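Notes follow once the structure below has been shown.
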Amino acid sequence: MLEVTKLHLWRGDRHLLKGLDLAVAPGEMVQLLWPNGTGKTSLLRCLAGFVHAEEGQVRWKGRPVQSDRTAFLRALAYLGHDNALKDDLSALENLRFACALRTRPAAAQLRAALEDVGLGRIDPALPVRNFSAGQKRRVALARLALWNAELWLLDEPVTNLDAAGQAVFEKLLTAHLAGGGAGLIATHRPIQLP
């Protein structure tokens, strides 16, 4: 599904990734368990198109990403350290806004996504600025599930989640992989799936 070959990435004057090769197949999760400062986030940001590699090739389903960058970007969902939520919007409004360019889920689907991440009882009008860090992460996970992307690029996805929130994430990830999706995950704590 995703192949990275001989990727070189610099951050300022530091050569972070030197000839990196990796592949992620459908139904597979690859975890990057590297130490801090070794390029996990930079790799994910490079694959998501936020920074550019100096050398190397990225292929999606056998074709160079450059041949159809738009198709590749539509196939992926990126969740970084920041949840990318609009503080003045409610959880439902955030989901509707985030999904607008990809899909047009019905209000019932948005509510179901919040229910699936354990936020079904939250006041639907409450702005997310009033949420805890863990609740905000759960909204971001609901968005991730709604996007129906084939490839998930996740940077520390369980940050700020309690044990119940981590179980919610593991359930979402298991369903994503079982449906033929793939995941590339930067983490300090290995994720164990059933």
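Not measured: the values here are computed from a predicted model.
Under the 3.5 Å distance criterion, the side-chain polar atoms of Lys6 are left unmatched by any main-chain donor or acceptor of Gly56. The closest donor-acceptor contact from the side chain of Asn83 to the backbone of Ala140 lies at 3.5 Å or more, if one exists at all. Within the 3.5 Å criterion, the main-chain N or O of Gly37 finds a donor-acceptor partner in the side chain of Arg14. Judged by distance alone, with hydrogens and angles left aside, the side-chain atoms of Gln31 form a donor-acceptor pair with the main-chain N or O of Ile191 at under 3.5 Å. When atom types are taken as modelled, the side chain of Glu115 and the backbone of Ala112 share no donor-acceptor pair closer than 3.5 angstrom.
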Item to check | Steps toward side-chain contact (heavy atoms from CB on, under 4.5 Å) verdict (Thr38, Asn36) | outcome: CA-CA 6 Å; Thr38 56; Asn36 287 341; over 6 Å; no
Item to check | Check against side-chain contact (heavy atoms from CB on, under 4.5 Å), Val139 and Leu119 | outcome: CA-CA 8 Å; Val139 175; Leu119 295 177; 3.5 Å; yes
Item to check | Asp116 and Arg111: CA distance, side-chain angles, deciding distance, salt bridge (charged side-chain N to carboxylate O under 4.0 Å, His left out) verdict | outcome: CA-CA 9 Å; Asp116 289 346; Arg111 285 191 297 278; over 6 Å; no
Checklist entry - Between Val24 and Val4, is a side-chain contact (heavy atoms from CB on, under 4.5 Å) present by the stated rule, with each step listed? => result CA-CA 9 Å; Val24 185; Val4 176; over 6 Å; no
Item to check | Lys86 and Val128: CA distance, side-chain angles, deciding distance, side-chain contact (heavy atoms from CB on, under 4.5 Å) verdict | outcome: CA-CA 7 Å; Lys86 307 288 184 192; Val128 297; over 6 Å; no
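Electrostatic pairing of Asp88 and Arg129 counts as a salt bridge here, judged by a charged N lying under 4.0 Å from a carboxylate O. Remark: Lys61 engages Glu150 in a salt bridge, criterion side-chain N to carboxylate O under 4.0 Å. Between Asp82 and Arg137 there is no salt bridge, since none of the side-chain N atoms of the basic residue sits less than 4.0 Å from a carboxylate O of the acidic one.
A pairwise comparison of heavy atoms in Val58 and Gln66 identifies O-OE1, 4.0 Å as the closest pair. When all heavy atoms of Leu16 and Ser42 are compared, the pair lying nearest together is CD1-OG, 3.5 Å. Of all heavy-atom pairs between His176 and Ala149, the closest is CE1-O, 3.0 Å. When every heavy atom of Gly183 is checked against every heavy atom of Leu177, the shortest pair comes out as N-CD2, 4.1 Å. In this structure, Leu146 and Cys99 approach most closely via the heavy-atom pair CB-SG, 3.7 Å. Residues Leu7 and Ala53 approach most closely at CD1-CB, 3.3 Å, considering heavy atoms.
Looking only at side-chain heavy atoms (C-beta outward), Gln166 and Arg189 come within less than 4.5 Å of each other. For the pair Trp60/Glu3, no side-chain contact is recorded, criterion being any heavy-atom separation below 4.5 Å from C-beta on. Looking at heavy atoms from C-beta onward, Leu43 lies in side-chain contact with Leu17 at the 4.5 angstrom threshold. In this structure, Leu9 and Glu54 have side chains that are in contact, with non-hydrogen atoms separated by less than 4.5 Å. Side-chain contact between Leu33 and Pro190 is present, with heavy atoms from C-beta onward closer than 4.5 Å. Contact annotation: the side chain of Arg138 approaches that of Val168 to within less than 4.5 Å [non-hydrogen atoms, C-beta and beyond]. Leu2 has its side chain within reach of Phe72: a pair of non-hydrogen atoms, C-beta onward, lies under 4.5 Å apart. Side-chain contact check for Val65 versus Leu73: every heavy-atom pair is 4.5 Å or farther apart.
Cluster membership check: Leu22 shares its hydrophobic cluster with Leu153, using side-chain heavy-atom separations under 4.5 Å among Ile, Leu, Val, Met, Phe, Trp and Tyr. One hydrophobic cluster, built from ILVMFWY side chains closer than 4.5 Å, cannot hold both Phe97 and Leu92; they sit in different ones. Hydrophobic clustering, with ILVMFWY side chains joined whenever heavy atoms are under 4.5 angstrom apart, keeps Val30 apart from Trp152. Note: the hydrophobic cluster containing Phe169 does not contain Leu184 (ILVMFWY, side chain heavy atoms under 4.5 Å, direct or indirect links). Residues Leu141 and Leu126 are members of one and the same hydrophobic cluster, defined by side-chain heavy-atom contacts under 4.5 angstrom among Ile, Leu, Val, Met, Phe, Trp and Tyr.
Annotation: cation-pi pair Arg143/Trp147 present, NZ/CZ under 6.0 Å from the ring centroid and within 45° of its normal.
Residue Arg102 qualifies as enclosed at atom CZ: its count of foreign heavy atoms under 6.0 Å is above 12. Arg69 CZ: more than 12 foreign heavy atoms inside a 6.0 Å radius.
Separation of atoms CG (Leu144) and CG (Leu79) is listed at 6.0 Å; rounding is to 0.5 Å. Between atom CZ of residue Arg59 and atom OG of residue Ser67 there is a gap of 8.0 Å, rounded to the nearest 0.5 Å. With rounding to the nearest 0.5 Å, the separation of CD in Gln109 from CG in Leu114 is 12.0 Å. In this structure, NZ on Lys136 lies 8.5 Å from CG on Asn130, to the nearest 0.5 angstrom. Atom CH2 of Trp10 sits about 5.5 Å away from atom NE2 of His15, to the nearest 0.5 Å. Put simply, NZ on Lys171 and CG on Leu193 are 14.0 Å apart, with the number rounded to the nearest 0.5 Å.
When Ile185, Thr174, Leu154 are each tested for a side chain to side chain contact (heavy atoms under 4.5 Å, CB included) with Met29, only one passes: Ile185.
With no hydrogens or angles considered, no side-chain donor-acceptor pair links Asp21 and Thr5 at under 3.5 Å. Judged by distance alone, the side chains of His188 and Glu156 do bring a donor and an acceptor atom under 3.5 Å apart.
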